[in-house]
Amino acid sequence: MVKHLTKRNLKVKAIAFSIVSLLNITIFSFNALAQDKLSPAAAEGEKLFKANCVSCHAMDRKVIGPALKDVHTRRSEEWLVKWIRNNEQLRKSGDKDAIAVFNEYNQVAMNNFENLSEDQVKTLVTYFQEYKTPVKGPEGPQDGAGKTSFYSDTTLYILLFLIIILLVVLYILRRTKNSLKASYNEMTGATEEVAPVVVPEWKKRINPTILKMGIGTLILGALVTYGFYFGVTEVAVQQGYAPEQPIKYSHKLHAGDLKIDCKYCHSTVEKSKQASVPSLNTCMNCHKAVQLREKYNDKISPEISKIYAAMDYDADKGTYGSNPKPVRWIRIHNLPDHAFFNHSMHVKGAGVSCQTCHGPIQEMEVVQQYSTLQMGWCINCHRERKIDVENNPYYEKLHERIKADKKNNKSAYSKYFTKDGKISITPAENGALECSKCHY
Amino acid sequence: MIHDSVIRPQLVTGDKTLHDVTNEICRPIENKPSTSWTVGFILSLVFLGILGLTLGITLAYGIGTWGLNKTVQWGWDITNFVFWVGIGHAGTLISAILLLFRQKWRMSINRSAEAMTIFAVMCAAIFPLFHMGRIWVGGYWVLPLPNAFGSLWVNFHSPLLWDVFAITTYFSVSLVFWYLGLIPDIATVRDRAKTEGRKFWYNFFSMGWTGSVRTWNRYEVVSLILAGISTPLVLSVHTIVSMDFATSVVPGWHTTIFPPYFVAGAIFSGFGMVLTLLVIARKVMNYQDYITIGHLEAMCKVVMLTGTMVGLAYITEFFVAAYSGVEYEQYAFVNRAFGPYAWAYWSMMTCNLIAPQVFWFKWARTTPWFIFMLSIVVNVGMWFERFVIIVTSLHREYLPSGWVMYSPTLVEIGIFLGTFGLFFTCFFLFSKFLPVINMAEVKGILKNRE
Amino acid sequence: MAKKQLYWKGEDELLRTKEFLASQKNEFNEALPLDEVFSENNLGLSANRRDFLKFFGFSVAAVSLAACNSTPVRNVVPYLVKPEEITPGNANYYNSTCGVCSAACGITVKTREGRPIKVDGNANSPISGGGLCTTGQASILGLYDTERLDGPMKVSSGSAAKSDWKTIDGEIVNQLNAIQNAGGHIAIVSGTIHSPSSLSVINDFKTKFTNTTHITYDPISYSGILMANRDSFGKQVVPSYNFDKANIVVSFAADFLGTWISPVEFTKAWSARRKVEGADSILKTIIFESNLSLTGTNADLRFPMKSSQEAVYVTSLYNALANLAGQPSIQIAESGALAGDSIKQAAKALWNQKGKSMVISGSNDPKIQTVINGINMLLGNYGTTIDLDNYSNQYKGLDSELSAFAADLKSGKYQGVIFWNSNPVYSSPLSADIQEGLKKAKLSVSFSGTKDETASMCQYIAPDNHYLESWNDSEPKAGLYQLTQPTITPVFMTRQAQESLMSWAGVAVAGIDPFAKKGIYNQNFAAAPYYMYMRSKWAAMGVASDEAFNTALHDGVYKKAPVAATIPAMGIILNSIVSDLQKTIGNKANLDLILYQNVAVKDGSMSNNPWLQETPDPISKVTWDNYVSLPKAYAEKNNIKNGDLVNVSAGSVKLNAMPVFVQPGQANGTIGIAVGYGRDGKVGEKGPFEKIGKNAYPFMKFQNGTYNNVINGVTISKIDGNYELAQTQTHHTIEGRDIVRETTFEKYKKNNKAGNDKATPHLYTLWETKEYKKDGAPNHHWAMAIDLNSCTGCSACVVSCSIENNVPVVGRAEVRRRREMHWMRIDRYFTFENRSNTNYSEDLFLKRDFEGVNVTKETGLEALDAIEAAKGNSEFLHWENVKVVHQPMMCQHCGQAPCETVCPVLATTHSTEGLNQMTYNRCIGTKYCANNCPYKVRRFNWFRYNDNDRFDFHFNNDLGKMVINPDVTVRTRGVMEKCSMCVQNIQAGKTKAKREKRKLNDGEVKTACQRACPAGAIVFGDVNDPNSEVHKLFMNERSYRVLEELNTQTAVKYMVKVRDIDNPTA
């Protein structure tokens, strides 16, 4: 899990600032190595864990359920299997441990996972066994705030202003000095013999009007260039936009520390064009139980109570009222209406990680727009990524054609073969730069 | 460097001395504006107002305020564009080509002709700009600028893009050429200036002209170079304008003879306009001695020649259509001559082919009022030519289901009249603040220069 | 705009609260920053605006910069509890039943975030067979109609006031009881109802209020057929017409492809039998009619008929057949006195196809229909092509009932009246009597959803739900049941009519609500009492379990095994009705008026629907008006031209200042006027409530116990003034150009390339062949094949396209300026046919050389008229005998597109999948592409058509905007647009396939036009896939490209039209 994240972070950097690909490769290969440590079974288990458990469990800390690191030392495998697949039954069967655990976690029943086969649960357990608390990966880019054009500009302006002030002061001082000197001379009657003004040769040759005009032109040109640059890079770019949300939901806490899988809340990201802001009942899944009373001397955490308010949920009675009020989150990533971005295509279809576009979201206390979301930024990615033609039957025809052309070395598609015999074709080469792919 | 023959009539009549020339040409600049000037200027300001109003309406509501429809999507807008660009031709032609050919008679008219060019191109530019549905982006998207769209460039296949380049180049070169010619004269005005303001501005624009031998020398060289540059432009601009149509698949547009035919037409209309203006100018500012009958006559000859060339082109088109054996092509031309817009076609024929033939007679070439009348006819005729080419080709194309009629709205008409307002406003200002005749050069061809 | 919609999920959208509607204002903001900045209501930006005004003054640059750099605050409002079936961003589909007319087509409703946005045919339903007509397509806008009442209304002292259900229920029940106790009578006046549950609701009502009568009344009634079958066979039903079983159909003015009974069903069957591939016969179609109807334009043989003489035609056909059958003939005056030997030919043709033929009549006269029955008996068509046992329920209204009702109402017999889905004050000729009677009635209630003509005369309006908000069942044909399910919670505080009746009759609902335990926010409609009621009825029908019912609900259809068709006995001697027949025969010298339904507007119940009004009439291409269609001969004689105004009068009924359209094909001595116009209500054009066209219903003539649409002896008088009809096509001949290709069936059988054997021109090109066009290209190549032989020109595709792609409605004035925005149009070309020439050969069609005159140029046409005149032949027979072709025309997606090369900014480009892409947000609107398009399919946004009071259609109000398709950009002013081959669906389909790691299947992606087409004339797909349907069609000998010689290499191919006209008698 963690390794994934580190990999992502680096990758984010790589793509966001398009580091030279060489560096890129080395980093990836390093991560690749780092990743190979989990046995396939454990890897399988990790998947299951992320899919089913993360909403209530974390490896290193108590969430709703206990921390599962070293759980295999505390419990036997078959017990775990029983418990996980149907803890209710286990409790009914009068298993002491089971009941103990149940009571320890103020009698919040854990879901039964009979859909998981025994073997699957076993892989889960192997994952628990092989799991090691990770060393913290390199920090994701912290420049979120720094990137925002607004702040940087203001500082710039302030600096400029100061400089101007200083110059003015300088000028005034100089004037006063001169005038003082003059009056002093007057009083003392001292006269300085004025050296004859010598006009240098080059000055004679230059026509003053032309000089003025020349300078004027230069200044004008500079201004225009800056204006143009500003227009291209700044106008309509809301990178770093981080508004305050009605509920101070922290991605750092949930996605980062608790390691809840993004897809648990943004559940439609793989089926729909929208990742979709989760409906509040998703929050309730956990926060029915998690109220953090311990933190707020036995009061419900103010933020969580906002959820309850919205749902009109009475925490004490555990009942829902009849006038809920939807939460009006503030939208951060505003694509123009004529650009149709499809999450499912990118996440499920192309296997792009959330962080690629949204940055180190798991480290953001307040979510901010990480990428420029300018068209050029999209295009750039389409030019760099590779399509996985081997493993997606949709591309079967293309795949075969490439192989065929390679065999009877026709030029048309064989160019998509890299030196090392791998197929490398970018979305761009497969028409992903065409207007109607996103604009219709 | 004066080689005037004994038999040739004088280019400048009335035994002017150098001083006379300066005095007379600077007169309108230094004296109070004449009433005729004031009246004319106010009148053109009114029309300029109309331009502002109608363009404002177009911007506020959309191109829908014009008479265009699903089939005829270019109407008066492009007609007027080509019309004005055409007018814009004579200037450079006169100054550049005639300079290269050392035609001295051009010297007293080239200044105003070039000014006319520049103003005409300005008027022309209005139409391609405002015929765009979204001028606020179109204004710069047609330029190949670096951008944040992952570098989205312009379409170099598109004749419209060629047009952008052609027109801008033509405009800038003509402007420089014109301005260069002005520098010595501005300096003259500067030296005669009395008030501070005049001194400052004329000084500024004369770019510190000293009149030293070196500057004169440079001046001569540069004008020759510029003349060299702009000569091909005279041909290129309208060639490319013609390609706006020639590269399409529209029957009646898709023709290979368009380039020469358009260039001829442009020179034709250009000279027509020059005549119109000069005949007025020489009267209003009594420059009869500088712009002599000789000048007018020379230009009349050009008009007659180009007019006949254009006429030939009209007839050739029909032959080509008939010979091509393409039914759509054939129908397009039959429709031109006998369809619902036949009236436009025939008025074009009369104005452009038949009318100029009267210039075979010396009387016609030498009678200013008649020349004036005919120059107007020529302008009208050339406007109709563009209208015929654009509208009659579009309104009946391949699929009969799409056949429609087109007629302009008040807004379109207003814009067209408005451009005349712009044109004349500029021209009046020019005649008030700048010497309309190139003193420096005219002085060079005076008989008695001592 | 559309996209922003997506984020309005959740409660406040589902139950359209006022705040939500209000808040919409901020949500729909413009694409171009200018407007954002100017708009006052956009608080986020107005501040900026002021600043900039201060600093820079009013300059575009400044303003747009201002707009750009501020982050507009947009909200995301997720569901509180997301219904598990909804995935934001994905569409859900529900099978239901179309509620527009009682033909009851099965439909599939597409919803996004609980909002219906599109209606298409449900392939399971034998009625719609996957297609849907223009009216059905457009009906979805009825749901978002600003004219709908947002709650019950009560008329007190003349003025209608809002009320609430409790109050009016109380008052109405009291009234009903009072009437009941006083022994007064109550009438329920409804359109045809074939919903078993609804009918039993009415019965329950009857049992409560004993002397209640249920009057069924259809504005366009089929009483004639009902009565004829009652008289002939003792079965008062409309039979099922099985076009699929017939080899020849002879129709007397029955427009079965356009408006007659169940057009979608018939079109489906008809077009299936017109498929020529490998067929040894196709359904020969012969029609006798006065107005040029849609069927007329598709018939193989069309004979102009003076409808007032129909009886003569019909009897002489009967007699002709009777001779052949050796049966006694009908003794009727002036029989056989008919132009040409058309009838004889028809008789021969029919006789050759005994038992496999069909004769139908559009007349509503029972006697004529009886003769038709006789003819079909002679031909032994019953039990085969005409089925009385599996009859149709689609129309059950008897005109006699209405006239009786009107009389009784007037006489004060009925003290209580309830109008359900019927608007007689508008659509009945007895309007005056009913209005007078209504004043007398103690209680008058209307279920109308809008304040229509009848409702506004009633004391109470208890608005019914829109059919997309309702539960219902239906039995359009005996043994065929269809279900209607709500696809959205009621937009307004309306209540289903059935529930109103139930509550008034105090009907208790049995059974438990299966939705009861559904989440904390129970969908309001789930527990609907009528739903429970329906369930109990279905349980009685044998569909008790949730599973069984839900399967039916899922399919939308529930069938019982059809009964074996029997051959009935004719229980009437035809000669006994001769005197009645004689009555129907009008004076030949007089002018006939034939009332007809426009294919889009139909009976006018939805005439305030801008989509329908903007859909051009398939024959005249007129929009936004009804008009008098006049035969050329009459127009010439009386020197009337297109757009002149005339007064039409028949007896006491007058229609003043009607515009004239000289209609080729209009039979001499007849004129036509469309009904369904002249409704009250706000439609389209700027300004207050404005009527569209004029109401022609009052002309309907009562005769032989039915209301007849044929009125003999009308008079026309030309008046001063002129009126420009808004036509989308103003040039009507094809100029002999090789645009439409066609042949005859015989020739086709001999040579499949017949009519399509034109040598392909030598094609040269500058460009190299694009990759996707080469053999074995791994990419898709999207393409479309359109079968001119199946296409009837019904225009369903036009509406469907407009809905799918957010095509704006522009209104009459703009259509007059030739600026309609339809991405898809249907080109209609007339051609002339020589009447004197009796051998109907293809050469006559598209014939350039007509009696030595070139008719392809209008000049030639005039010359032709001159010749006719010279012959002293003022009948202009060539105008009466036109032939017609329909050609759907949309962007051809040229492989080498003229539009692409000329765009200076690459706003229109070519994709590697063969699509011609139009990128609105790059377009700067030079319009060169449109000029350079040989097919003239590009449409320019001359104005901003949304949020613009000058275009006050559904794009201008928040309710109407609900119908916007969120997957398609709403175009702003100044950009070009055109058919995209529904690229949004292509992308969705591809994404799905990639996601699911599989190939994209053929037919998985469908265009809107393809989905709509009842005739299946449009096939879309990947031509690079050798197994795809479209690939096969592209290989077909009949396929050709329009303007191929331009080497545009279009991705759309047309299939040669084949007419069965070689031997009319075969």
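Every chain is numbered from 1, with letters handed out A, B, ... down the list of sequences.
- Taking the six-membered ring for Trp and the full ring otherwise, C:Tyr945 and C:Phe951 have centroids separated by under 6.0 Å.
- A salt bridge is absent between C:Glu977 and C:Arg938: the closest approach of a Lys/Arg side-chain nitrogen to an acidic carboxylate oxygen does not fall below 4.0 angstrom.
- Contacts of C:Pro898 with chain B are made by side-chain atoms alone, with heavy-atom separations under 4.5 Å and no backbone atom involved.
- The residue among B:His157, B:Gln73, B:Met132 with the most heavy atom pairs within less than 4.5 Å of chain C is B:Gln73.
- Atom NE2 of B:His395 has more than 12 neighbouring heavy atoms from other residues, nucleotides or ligands inside a 6.0 Å radius.
- Contacts of C:Leu906 with chain B are made by both backbone and side-chain atoms, with heavy-atom separations under 4.5 Å.
- Highest contact tally toward chain B, considering only C:Tyr935, C:Phe943, C:Trp942, is held by C:Trp942 [criterion: heavy-atom pairs under 4.5 Å].
- Every residue meeting the side-chain contact (heavy atoms from CB on, under 4.5 Å) condition with C:His910, not counting sequence neighbours, appears here in chain and number order: C:Lys770, C:Tyr772, C:Glu900, C:Asn916.
- The most heavy-atom pairs under 4.5 Å with chain B, out of C:Ala930, C:Ala907, C:Pro934, come from C:Pro934.
- Ranked by heavy-atom pairs under 4.5 Å with chain C, the first of B:Leu152, B:Val164, B:Val250 is B:Leu152.
- For C:Arg817, the part sitting under 4.5 Å from any heavy atom of chain B is the backbone (N, CA, C, O) and nothing else.
- Side chains of C:Trp823 and C:Met890 form no contact here, defined as non-hydrogen atoms less than 4.5 Å apart.
- Between chain B and the options C:Thr728, C:Val902, C:Thr730, heavy-atom pairs under 4.5 Å are most frequent for C:Val902.
- In this structure the side chain of C:Arg828 never reaches within 4.5 angstrom of the side chain of C:Pro618, judged on heavy atoms.
- With chain C as partner, the option from B:Trp253, B:Tyr328, B:Trp153 having the largest number of non-hydrogen pairs under 4.5 angstrom is B:Tyr328.
- The aromatic rings of B:Trp383 and B:Phe387 lie parallel to each other, their planes meeting at an angle below 30°, with 60° marking the opposite boundary.
- Contacts of C:Val937 with chain B are absent, with no heavy-atom separation under 4.5 Å from either backbone or side chain.
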### Task
Evaluate the criterion side chain to side chain contact (heavy atoms under 4.5 Å, CB included) for residue pair C:Val1042 and B:Leu399; output intermediate values, then yes/no.
CA-CA 10 Å; C:Val1042 174; B:Leu399 300 193; 4.3 Å; yes
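- Heavy atoms closer than 4.5 Å to chain C are found in the backbone of B:Phe245, but not in its side chain.
- Of the two parts of B:Thr409, neither the backbone nor the side chain holds a non-hydrogen atom closer than 4.5 Å to a non-hydrogen atom of chain C.
- For B:Leu410, the CG atom counts as loosely surrounded, since its 6.0 Å shell holds 12 or fewer non-hydrogen atoms of other residues, nucleotides or ligands.
- When the candidates B:Leu394, B:Leu161, B:Asp244, B:Leu160 are compared by the number of heavy-atom contacts under 4.5 Å with chain C, B:Leu160 comes out ahead.
- Considering only heavy-atom pairs separated by less than 4.5 Å from chain C, the leading option among B:Tyr61, B:Phe149, B:Trp74, B:Trp66 is B:Trp74.
- Heavy atoms closer than 4.5 Å to chain B are found in both the backbone and the side chain of C:Arg922.
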### Task
Please step through side chain to side chain contact (heavy atoms under 4.5 Å, CB included) for the pair B:Val121 and B:Val85, ending with a clear verdict.
CA-CA 6 Å; B:Val121 175; B:Val85 173; 6.0 Å; no
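- Of the listed residues (C:Asn931, C:Thr926, C:Val905, C:Asp827), the one with the most heavy-atom contacts under 4.5 Å to chain B is C:Asn931.
- The most heavy-atom pairs under 4.5 Å with chain C, out of B:Leu68, B:Ile135, B:Val137, come from B:Leu68.
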### Task
Give the C-alpha distance, both sets of side-chain angles, the deciding distance and a yes or no for salt bridge (charged side-chain N to carboxylate O under 4.0 Å, His left out) between C:Glu820 and B:Lys70.
CA-CA 8 Å; C:Glu820 77 277 3; B:Lys70 67 181 180 188; 2.6 Å; yes
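- Heavy atoms closer than 4.5 Å to chain B are found nowhere in C:Met821, neither backbone nor side chain.
- The side chain to side chain donor-acceptor pair (under 3.5 Å) check on B:Tyr398 picks up nothing, with sequence neighbours excluded.
- Looking at B:Trp162, there are no atoms closer than 4.5 Å to chain C (heavy atoms on both sides), in backbone or side chain.
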